[in-house]
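The shown structure was predicted, so the numbers you read here are calculated from the model rather than taken from an experiment. As the structure lists them, so they are numbered: ligands from 1, and atoms in each ligand from 1. These numbers come from the heavy atoms of this one structure, side chains and all, not from hydrogens, waters or symmetry mates.
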Amino acid sequence: MEVLIAQDPAEAAKRAADAVLDGLRRVDGHRLVLGLATGSSPLGLYAELAAAVARGDVDFSETLGFALDEYIGIAPDREQSYRQTLLNDVCKVIGLPEANLNVPDGMGAARAEIAAAAAAYDAKIAAVGGIDVQILGIGTNGHVGFNEPGSSLASRTRIMRLANQTREDNARFFAGIGHVPTHCVTQGLGTLREARRLVLIATGAAKAEAVAAAIEGPLTASCPASVLQLHPDVVICLDEAAASGLRNREYYDASALGFQVTV
Ligand code: GLP
C-alpha cells in the first residue's frame, strides 16, 4: 500500500492522476478498462487526466469505463443519477465516449430483476478482462463504492441499503434528505478488489477518521475501505487534512522519497 500525502487537494489530484496513468501504462495489448468513481473527491483527478489527454499522454476514446455504483429508482437520464453525473463530470471531461460507459442498472421493476442485472454487471467486467485501474473515493463512514459498513469483504455487485450517514452526506444533491434514494446497486468489495490497481483519493478533514481506519485499522467489514489492505497494488492519495489521523505518517513520508540503498 502506497500512501502519498500532498500539501493540498490540487497536489493530491496530480499524484492520483499520475498513479492512474502509471497503472494504465502497464496495460499491454488490450483495450484500457477504467473504473470510475463519482463524488467530489476525484474531480481534480479527472481534470488532471483531461490535461494529460490534452498533452497527448493518453487517449480515452477507445477506453471502456465501468461505474462503481448507481442509485435505485433514479432514471438514468436524471441529473442525480450516477450515469448522468459520470457523463457530465467525467466522460465529457476526459473524452471517454458515452457508448463506452457502463453503469449498474438501478431501474428494474422488481428486486429480482435488479439483482439479475447486478450479477450480469459483474460478468460484463469479467468478460472484458477485468478493470485495469479502479478510481475510488471514500465515504465519511469508510464506504467504498456504496459498500456500507457491514458489507462482506467478498461481496459482489448487488443491491445495498444506503446508510443514514451516506444519505445525509449526499442530500446536498437532492431537494432534501427525503428525496435521497434508500437503495443502490454497487460493485461489491470482492468485485472491486479484482481491479489490477486501485487508486483512492481523499481530501479534507471530514475524511480523516475513515482514512485512518482504512489504512491503519483492522481489516473489518465495519470499515469497508480496509479491504484495500488485501490488495497488492493500491495507491492512496491524501491531502494534509485527510491524512491528519494517521499514526505512521513519518513512515509514509520516508517511503515516498523512493528507493535508496544505504550502507
Ligand atoms: C458516494 C459514492 C462514493 C464516493 C463517496 C464520497 O457515496 N458512492 O463512491 O466515494 O460518495 O463522496 P465525496 O468524494 O463527494 O466525498
Colleague: Number the atoms of ligand 1 from 1 as they appear, then name those within less than 4.0 Å of a heavy atom of Ser41, with their elements.
Modeller: 13 (P), 14 (O), 16 (O)
Colleague: Within a reach of under 6.0 Å around CD of Glu240, are more than 12 heavy atoms found that belong to other residues, nucleotides or ligands?
Modeller: yes
Colleague: Considering heavy atoms of the protein only, find what lies nearest to atom 11 (O) of ligand 1 and give residue, atom and distance to 0.1 Å.
Modeller: His143 NE2, 3.9 Å
Colleague: Just checking Glu98: does its CD atom have more than 12 heavy atoms from other residues, nucleotides or ligands closer to it than 6.0 angstrom?
Modeller: no
Colleague: A side-chain contact here means heavy atoms from C-beta on lying under 4.5 Å apart; do Val234 and Glu2 qualify?
Modeller: no
Colleague: Salt bridge check: are Asp22 and Arg25 linked by an N-O gap of less than 4.0 Å?
Modeller: yes
Colleague: What part of Ser40, side chain, backbone, both or neither, has a heavy atom within less than 4.0 angstrom of ligand 1?
Modeller: both
Colleague: For atom 16 (O) of ligand 1, tell me which residue out of Glu70, Arg167, Lys207 has the closest non-hydrogen atom.
Modeller: Lys207
Colleague: Are side-chain N/O atoms of Ser152 and Arg158 paired as donor and acceptor at under 3.5 Å?
Modeller: no
Colleague: Need the ligand 1 atom indices (1-based, order shown) with element for anything under 4.0 Å from a heavy-atom of Asn170.
Modeller: 1 (C), 7 (O)
Colleague: Could you tell me if the side chain of Arg172 sits less than 4.5 Å from the side chain of Ser40, heavy atoms only?
Modeller: yes
Colleague: Parallel, tilted or perpendicular: which fits the ring planes of Phe146 and Tyr71, with parallel below 30° and perpendicular above 60°?
Modeller: tilted
Colleague: Does even one non-hydrogen atom of Arg172 get within less than 4.0 Å of ligand 1?
Modeller: yes
Colleague: Under a 4.0 angstrom heavy-atom cut-off, which atoms of ligand 1 come close to Gly137?
Modeller: 10 (O)
Colleague: Can you tell me which residue and heavy atom of the protein come closest to atom 2 (C) of ligand 1, and the distance to 0.1 Å?
Modeller: Tyr82 OH, 3.7 Å
Colleague: Nearest to atom 9 (O) of ligand 1 by heavy atom, Gly145, Gly39, Ala210: which?
Modeller: Gly145
Colleague: Tell me the contacting part of Ile138 for ligand 1: side chain, backbone, both, or neither, using a 4.0 Å heavy-atom threshold, strictly below.
Modeller: backbone
Colleague: Please determine whether side-chain contact (heavy atoms from CB on, under 4.5 Å) holds for the pair Leu87 and Leu101, giving the CA-CA distance in whole Å, both sets of side-chain angles, and the decisive distance to 0.1 Å.
Modeller: CA-CA 8 Å; Leu87 284 174; Leu101 175 66; 3.7 Å; yes
Colleague: Tell me, which protein residue and heavy-atom name are nearest atom 8 (N) of ligand 1, and how many Å apart are they?
Modeller: Asp69 OD2, 2.8 Å
Colleague: As an exercise, identify every atom of ligand 1 less than 4.0 angstrom from a heavy atom of Phe146.
Modeller: 1 (C), 7 (O), 8 (N)
Colleague: Around atom 4 (C) of ligand 1, find the nearest protein heavy atom and jot down its residue, atom name and distance.
Modeller: Thr38 O, 4.1 Å
Colleague: Under a 4.0 Å threshold between the charged nitrogen and the carboxylate oxygen, would Arg156 count as salt-bridged to Glu194?
Modeller: yes
Colleague: Quick one: does ligand 1 sit under 4.0 Å from the side chain of Val144, the backbone, both or neither, non-hydrogen atoms only?
Modeller: neither
